Amino acid sequence: MKEYVLLIVSAALVNNVILARFLGLCSFMGVTTRIDTAIGMGMATTFVITVSSMADWAVGAYLLEPYNLWYLRTVTFILVIAAAVQFTEMTVKKVSPPLFQMLGIYLPLITTNCAVLGVAILLVEGRMSFIDATLFGFASSIGYSLVMVMFAGLRERLALADIPRLFAGPPIGFIVASLLALAFMGFSGMTS
Amino acid sequence: MVDNSANSTTDFSAPALVEGFAHVVAIENTMVWLEPEQTTSCGGCSASSACGSKGMGSTANRLEARRFRIENPANLVVGERVVVGIRENALINASLTAYAIPIATLLISGILAQWAFGSDLATMAAMVAGLIFGLALSRANASRLSLRGDLAPHFIRRARAGETCNIE
């Protein structure tokens, strides 16, 4: 159990997808103007990254490795991610059409989110077991969601603050993001 | 000098409605079909032809896919522009229902299977079973929320001519 906790802390905080690996920055800046949209995007991304981590591990272990096809991993994982997003979209639509009306808009954005592909490549390079790979994907996406919600909260406050005109909007957003990244550097060294 | 004292005392804990504009596109007995107005510039910029997000479809397709139906409380007619609202926490409830429940059951069943059998194949099968069980739970919870009207937008009023959202 300790091994799982360390894996989760490492993926979510120490090697945070956004602030340590600098992946998924477009959605980090684009979907963080409100806390509820950040939560919606974070949850959808968590679901897709976890499901695609499982699928990517299975494809890597049972297809790419036995047939020595590792050079095809990027294109294969893109296909798997697109399929996972499509599966999620179809499932949400089938499970509850009203939910799809509310949440469907975030799903196509995840297909082009580099954080999803980055996590898939990291987990196969890490040569993890199936459960470790799934937990790594889940924890990475929890770290992504955590940073998205924190940043959305900060931006909601910034929208009300008296900011010099030169820095208003994206410039102050980037400054806050850099301070957040510095704060997350405090976790470095806790686990590998 | 801008006075921000009013902002610092704003009550953020009060339940609020998120408002948006929509057009009446069809009438069906006592219900009306509404289409939300485009609120994002995605797909509308000069780089849209080369953009990786163009798989999202055209603006018209996306809006058509997001049509929704509400009761017709004010004898609305096709072409009218109205203000609709949804509870601010509706998106969070919807996200929890659609994504958090299946992920929780998936992970719990996977960890239990790994602890009991220690095999990747058994863990994989348990996770898929957990995911299906979680989706069934989601469906039940979504029906409950839907019956309570928590997921549906509500008609607020007719939009005034030239009215836009208050984005500064």
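To find a chain, count down the sequence lines: A is the first, B the second, and so on, and within it residues start at 1. Because only heavy atoms are used, hydrogens play no part in the values below, and waters and symmetry mates are left out as well, while side chains stay in. What you are looking at is a predicted structure, and each value in this text was computed from that prediction instead of being measured.
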Undergrad: Are there more than 12 heavy atoms of other residues, nucleotides or ligands under 6.0 Å from atom CE of B/Met31?
TA: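 Check passes, neighbour count above 12.
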Undergrad: To check you understand the geometry: which heavy-atom pair defines the closest contact between B/Ser95 and A/Gly40, and what is its length?
TA: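 The answer is OG-CA, 3.4 Å.
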Undergrad: Just wondering, do A/Phe130 and B/Met127 contact through their side chains at under 4.5 Å, heavy atoms?
TA: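 With C-beta onward as the side chain, the pair touches.
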Undergrad: Within a reach of under 6.0 Å around CZ of A/Phe167, are more than 12 heavy atoms found that belong to other residues, nucleotides or ligands?
TA: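 Count not over threshold, so no.
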Undergrad: Of the listed residues (A/Ile39, A/Ile131, A/Val51), which shares the most heavy-atom pairs with chain B below a 4.5 Å separation?
TA: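 Most pairs with chain B among the choices: A/Ile131.
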Undergrad: Is there a path from A/Tyr71 to A/Ile78 through hydrophobic residues (I, L, V, M, F, W, Y) whose side chains come within less than 4.5 Å of each other?
TA: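 Same cluster: A/Tyr71 reaches A/Ile78 through Ile, Leu, Val, Met, Phe, Trp or Tyr contacts under 4.5 Å.
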Undergrad: Filter on salt bridge (Lys or Arg N to Asp or Glu O under 4.0 Å), then keep only pairs touching residues 62-79 of chain A, sequence neighbours left out; what's left?
TA: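 The answer is A/Glu65-A/Arg127, A/Arg73-A/Glu125.
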Undergrad: Side-chain heavy atoms under 4.5 angstrom apart, residues restricted to Ile, Leu, Val, Met, Phe, Trp, Tyr: same cluster for A/Leu63 and A/Ile81?
TA: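 Yes, A/Leu63 and A/Ile81 fall within the same hydrophobic cluster.
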Undergrad: In the structure I gave you, are the side-chain heavy atoms of B/Leu106 and A/Met54 within less than 4.5 Å of one another anywhere?
TA: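 A side-chain contact exists here, since the closest heavy-atom pair is under 4.5 Å.
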Undergrad: Which pairs count as ring-ring contact (aromatic ring centres under 6.0 Å, His included) when at least one residue sits in residues 110-133 of chain B, sequence neighbours excluded?
TA: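 Sorted pair list comes back empty.
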Undergrad: What about B/Leu121 and B/Leu107, same hydrophobic cluster or not, with Ile/Leu/Val/Met/Phe/Trp/Tyr joined at side-chain heavy-atom distances under 4.5 Å?
TA: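 B/Leu121 clusters together with B/Leu107.
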Undergrad: Side chain, backbone, both or neither: which part of B/Leu131 has a non-hydrogen atom closer than 4.5 Å to chain A?
TA: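 When you check distances to chain A, only side chain atoms of B/Leu131 fall under 4.5 Å.
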Undergrad: With clusters defined by side-chain heavy atoms of hydrophobic residues (ILVMFWY) lying less than 4.5 Å apart, directly or transitively, does B/Ile108 cluster with B/Ile132?
TA: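 No, because B/Ile132 and B/Ile108 fall into different hydrophobic clusters, even though each may have its own neighbours under 4.5 Å.
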Undergrad: Verify side chain to side chain contact (heavy atoms under 4.5 Å, CB included) between B/Tyr99 and A/Val48, making sure each step is shown before the conclusion.
TA: CA-CA 9 Å; B/Tyr99 303 122; A/Val48 170; over 6 Å; no
Undergrad: When you group the ILVMFWY residues by side-chain heavy-atom contacts below 4.5 Å and let the links chain together, are A/Leu79 and A/Val59 in the same group?
TA: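 Per the 4.5 Å side-chain linkage, A/Val59 and A/Leu79 are not co-clustered.
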Undergrad: Going by residue number, which parts of residues 135-143 of chain B are within reach of chain A, meaning a heavy-atom gap below 4.5 Å?
TA: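 B/Leu135, B/Ser138, B/Arg139, B/Ala142, listed by number.
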Undergrad: For chain A, find which of B/Leu96, B/Thr123, B/Val128, B/Ile103 contributes the most heavy-atom pairs closer than 4.5 angstrom.
TA: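 Ranked by contacts with chain A, first place is B/Ile103.
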Undergrad: Pull out the residues in residues 135-145 of chain A that come under 4.5 Å of chain B, heavy atom to heavy atom, sorted by number.
TA: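 Expected list: A/Leu135, A/Phe138.
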